[in-house]
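Take a look at the structure below.
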Amino acid sequence: MSGHDSQATSGRYNAKTAEEKWQRQWDENQTFIAPAEPRADSAGKYYVLEMFPYPSGRIHMGHVRNYTMGDVIARFRKAQGYDVLHPMGWDAFGMPAENAAIENKVHPGEWTYKNIAAMREQLKAMGLAIDWSREFATCDPAYYAQEQALFLDMLEKGLVTRKSAQVNWDPVDMTVLANEQVIDGKGWRSGAPVERRELTQWFFKITDWADDLLAGLDELDRWPDKVRTMQRNWIGRSEGARVFFKLNGRTEPLEVFTTRPDTLFGASFCALSSGHTLTRELAKTNAAIADFVKECESLGTSEEAIEKAEKKGIDTGLRAEHPFIEGETVPIFVANFVLMDYGTGAIFGCPAHDQRDMDFARKYDLPVTPVVAPKKLADNELNEFISNLAKGDKAFDSDGVAINSRFLDGLEVGAAKRAAIEKLESLGAGEGTVNYRLRDWGISRQRYWGCPIPVVHCVTCGTVPVPRDQLPVKLPDDVTFEKPGNPLEHHPSWKHVPCPSCGKAARRETDTFDTFVDSSWYFARFTDPKATTPTVPSIASAWLPVDQYIGGIEHAVLHLLYSRFFSRAMKETGHLNLREPFAGLFTQGMVTHETYKSVEGKWVSPEELIWIDSKPYLDQENQSPVTVGAIEKMSKSKRNTVDPAAIIDQYGADTARWFMLSDSPPERDVQWTEEGVEGAWRFTQRFWRIVQSSLDQLGEVNAPPPPLDAKSEELRRTVHKTLAAITADLSQLGFNRAVARIYELANAISAFSETGNAAKWVRREAVEYLIQMTAPMMPHLAEECWASLGHPTMASETPWPVADETLLVEHSVTMAIQVNGKRRDEMTVAVDASKETVEQMALAQEKVQHAIGTANVRKIIVVPGKIVNIVIG
RNA sequence: GGCCCCAUGGCGAAAUUGGUAUACGCAGCAGACUUAAAAUCUGUCGCCCGUAUGGGCUUCCCGGUUCAAGUCCGGGUGGGGCCACCA
């Protein structure tokens with residue numbers, strides 16, 4: 001790493017000066033300011049968006065990769081004549097600002113805006129083609145005012161509900177979490193085991209849209225299948241039946257959900273979850289049940305806890321009447337494995353055909369009645385199957401036909417389910433139903449640094465929306481973070497307001513929105529960020545949907561599902577006219593790096609290492625060795641991060657961008673290596689050299705093409721083929737392929753040593769196209785080269801060239817010749833040569849003759865322009 | 001437990017619909033330039049046999065379809081992801 005210091009001298013490309021210059025130039029020319037609305041005379045609109053960052057204060061390599069990809073697309077589409085919308089903003093509410101406030105005694109707002117300023121600086125140093133005039137932060141009152149207005153519209157339309165529910169409580173962050181934010185029983189940010197609490201909360205009724213959100217996935221053909229599958233799983237649609245069991249001595253029946261109504265004749269018990277209303281009622285008078293409930297609630301919800309936990313239950317003494325068999329009853333248990341959140345919080349157990357029910361039945365000595373058997377069993381086999389199942393411990397959960405089930409007997413599982421449902425419905429003992437795993441989205445957070453929920457609680461009037469002319473409900477600035485819990489709750493005066501309806505003393509809602517609410521509609525706000533309504537529907541319609549959205553897979557369910565719900569809700573409330581906000585989605589891979597550990601087992605940062613003979617050591621003096629660990633996602637905890645700001649400072653933004661686009665396909669993880677950056681940096685210098693050294697060998701600008709000699713013609717074909725290929729690559733986000741083709745073209749231009757008018761003319765075209773094709777990826781270098789060619793206008797404002805179709809068609813072509821599928825030779829033939837000519841030429845080749853020997857030629861297959869296969873035998 | 005994805009040189013990878021496998025880059029090796037180093041340029045670089053012309057093998061393994069398979073089908077192995085006490 002020595003040579004870089006002397007960049008400024010003697011013909012080297014000075015990235016630092018050039019990058020600052022062109023960034024200033026783009027800014028002054030307002031090159032990337034999008035029109036207020038797409039114009040009629042453009043190639044169309046193109047909205048490219050990368051998931052906006054949380055303002056942590058510094059950009060990381062993941063940002064560099066994400067924003068580079070989006071930037072290439074934005075610049076490419078602009079060159080193609082599209083009206084490109086490529087905005088940037090800040091997902092600025094959230095816990096880290098409050099943690100900083102607690103730790104450093106700095107106001108969350110001050111901390112956040114300082115971070116934004118720092119990160120904006122770093123992003124600008126990347127040379128991104130962003131319309132900065134549209135920038136906003138979600139913590140700006142101007143933004144959250146519209147979010148509050150939107151909420152009131154949704155409230156009016158019945159898309160919001162307030163209900164008491166068991167919620168996920170994060171004891172570290174002291175706030176509620178949505179189901180989507182609980183990962184393996186732990187808070188997604190704090191990592192603390194989540195507790196269950198009964199609280200009254202605000203919810204978006206996302207479950208009303210479960211079917212629509214599911215159906216919409218089928219149309220999203222430019223989304224990764226993986227993400228669509230994850231959303232399908234999350235929504236978790238399953239068809240089945242609700243069954244109403246009459247209980248002895250009670251009027252209310254017990255409602256259970258099942259996907260296997262065909263196994264009802266094998267029911268031997270019912271089980272309630274510990275949170276079921278019936279359980280709670282029984283617990284009031286039954287100490288044993290109350291104790292059991294307590295035991296259930298103390299149980300963890302992590303995978304580990306679940307695996308270790310024994311399936312346990314307690315008999316309530318109640319009995320449920322079988323819906324099909326008169327006089328038959330089954331016991332009702334409370335069981336620790338029945339979930340309150342899924343279905344009705346109660347099940348019926350059929351031990352013969354469900355392994356968990358089987359385990360439970362054996363433990364509590366309940367009957368096991370086989371009611372499904374494999375198809376086409378002989379009588380003796382059937383008897384054996386039944387007796388084995390009735391005695392054994394292994395449930396039979398495969399397909400088959402109903403047995404021991406009266407009117408269902410002989411029906412296959414599917415038909416038996418339908419027949420059972422029909423019977424339940426005719427008896428009034430149940431109904432066919434669809435159940436979803438998806439829960440309503442709980443949005444109340446007991447935090448300060450979020451958007452206030454614009455309602456007031458009045459003893460007389462109940463929950464009253466804040467009148468529109470009083471929006472925004474602003475966060476108070478004078479808050480303290482000394483006490484645990486919600487600072488808004490502790491504030492002496494903020495929450496005390498008169499009721500907007502009756503004027504009596506009332507209490508302001510002190511919960512704030514989940515920050516995912518802020519990010520669920522920001523893409524719509526960018527279409528007109530200064531509007532005095534959440535959106536201007538005609539303008540939003542003109543820009544949306546987002547044509548290409550780019551971000552990490554970690555939002556596959558959270559943000560991407562919420563946003564899909566929001567665009568439906570905004571359609572319902574008249575703010576948008578589309579259901580699906582993101583027409584194209586791309587989930588980029590992570591940036592990884594080797595990890596290092598000292599002899600003490602501590603993580604060591606790459607910056608602390610000294611390399612001797614390709615082996616890492618901790619320091620010069622005692623040369624304590626360091627072990628090289630796995631290649632992992634860059635993270636602070638593993639200390640394997642590389643600071644983009646330092647890289648940009650040292651090598652320039654173009655080098656960092658080029659490295660991010662090279663080698664690894666964008667959806668795959670990319671490993672950051674010193675060699676890789678060096679390689680990218682070498683190429684920026686080489687690119688500059690190639691252009692500079694050709695300056696005195698270029699034809700005039702816009703000169704008409706002279707007659708071309710063979711070598712010039714060949715280079716010209718290469719140029720146009722490269723152009724066609726790169727245009728396709730960039731359209732498909734095949735950045736690594738585009739990079740490889742730039743290398744190939746650069747190699748071809750270096751190798752082209754012809755002189756003369758024809759050569760000069762072709763060289764100009766080659767060099768200009770090379771620069772233009774590189775411009776989306778290394779924009780500063782391209783501008784500097786473009787200017788050195790004498791162009792008065794910028795490369796970023798120059799239209800994308802179009803490949804000459806006639807140059808893509810070859811006159812002659814190299815064909816491989818196979819004998820029995822094995823390649824033996826190749827030959828060059830005219831592209832329009834007849835099948836007969838090709839066959840004869842192929843047979844005439846010496847190596848082919850040798851391979852055929854004395855065998856008979858049985859068949860010759862000719863694939864024009866590709867291959868000849870001679871079949872012998 | 002269920003569903004899904006992936007596997008190509010020392011490494012990252014490329015290969016439109018099945019049609020010349022290993023483009024391009026990294027690392028390596030050899031040379032040129034230089035007092036020397038760096039930088040740069042040139043050559044070489046899948047594996048095995050052979051001085052060589054050349055021959056054989058090769059896209060995780062086994063089988064199948066086909067004139068032809070990295071690509072399609074079946075079965076394994078290894079790695080990764082998502083969901084999961086889901087009734």
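Letters go in sequence order (proteins before strands), and every chain restarts at 1.
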Report yes if at least one side-chain N or O of [X] is closer than 4.0 Å to OP1 or OP2 of [N]; otherwise report no.
X	N	answer
A/Arg737	B/A15	yes
A/Tyr743	B/G25	no
A/Lys822	B/C57	yes
A/Arg668	B/A13	yes
A/Arg824	B/G56	yes
A/Asn233	B/G2	no
A/Arg689	B/C41	yes
A/Asn869	B/G19	no
A/Arg237	B/C86	no
A/Arg682	B/A27	yes

Is the shortest side-chain N to carboxylate O distance from [X] to [Y] below 4.0 Å?
X	Y	answer
A/Lys417	A/Glu239	no
A/Asp225	A/Arg228	yes
A/Arg439	A/Asp341	no
A/Asp218	A/Arg232	yes

(request) Indicate syn or anti for B/G54, taking the glycosidic torsion and treating anything within 90° of 0 as syn. (result)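 Base orientation relative to the sugar is anti.
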Taking the minimum atom-to-atom distance to the side chain of [X], which one of [options] wins?
X	options	answer
A/Asn747	B/A84, B/G25, B/A14	B/G25
A/Arg686	B/A87, B/G12, B/C41	B/C41
A/Tyr342	B/G19, B/A87, B/G25	B/A87
A/Ala816	B/U20, B/C26, B/C67	B/U20
A/Ile867	B/C82, B/G19, B/C24	B/G19
A/Glu744	B/A13, B/C24, B/C86	B/C24
A/Phe337	B/U20, B/C85, B/A87	B/C85

What distance, rounded to whole Å, do you find between the two [atom1] atoms, one in [N] and one in [M]?
N	M	atom1	value
B/C4	B/A15	P	26 Å
B/G25	B/A14	P	15 Å
B/C6	B/G31	C1'	42 Å
B/C72	B/U17	C1'	12 Å
B/G64	B/A69	P	12 Å
B/A27	B/G76	C1'	35 Å
B/G1	B/G18	C1'	37 Å
B/A38	B/C61	C1'	48 Å

(request) May I ask you to establish whether A/Arg12 and A/Trp688 are in a cation-pi arrangement, using a distance under 6.0 Å from NZ or CZ to the six-membered ring centre and at most 45° from the ring axis? (result)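 No, cation not above the ring by the 6.0 Å, 45° rule.
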(request) Output yes when a side-chain donor or acceptor of A/Tyr364 lies under 3.5 Å from a complementary backbone atom of A/Gly313, and no otherwise. (result)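 Checking the backbone N and O of A/Gly313 against the side chain of A/Tyr364, a donor-acceptor pair under 3.5 Å is found.
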(message) Just checking A/Trp681 against A/Phe659, ring centres under 6.0 Å apart?
(response)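 That pair fails the under 6.0 Å test.
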In the structure shown, which nucleotide is the Watson-Crick or G-U wobble counterpart of [N], with both distances under 3.5 Å?
N	result
B/G10	B/C26
B/A69	none
B/C82	B/G2
B/A39	none

Whole-Å distance between [N] [atom2] and [X] [atom1]?
X	N	atom1	atom2	result
A/Met590	B/G80	CE	P	12 Å
A/Arg356	B/G2	CZ	P	15 Å
A/Asp397	B/A87	CG	P	11 Å
A/Met340	B/A87	CE	C1'	14 Å
A/Phe687	B/U40	CZ	P	17 Å
A/Trp658	B/C26	CH2	P	12 Å
A/Arg242	B/A87	CZ	P	15 Å

(request) Could you check whether the rings of A/Phe683 and A/Trp658 sit parallel, tilted or perpendicular, using 30° and 60° as the cut-offs? (result)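 The arrangement is parallel - the two ring planes meet at less than 30°.
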(message) Does A/Lys226 contact B/C4 through a side-chain donor or acceptor facing the base, at a distance under 3.5 Å?
(response)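 Counting by modelled atom types and ignoring angles, no donor-acceptor contact under 3.5 Å is found here.
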(message) Quiz question: going by heavy-atom distance under 3.5 Å, is there a donor-acceptor pair between the base of B/U17 and the side chain of A/Lys866?
(response)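 Indeed there is one.
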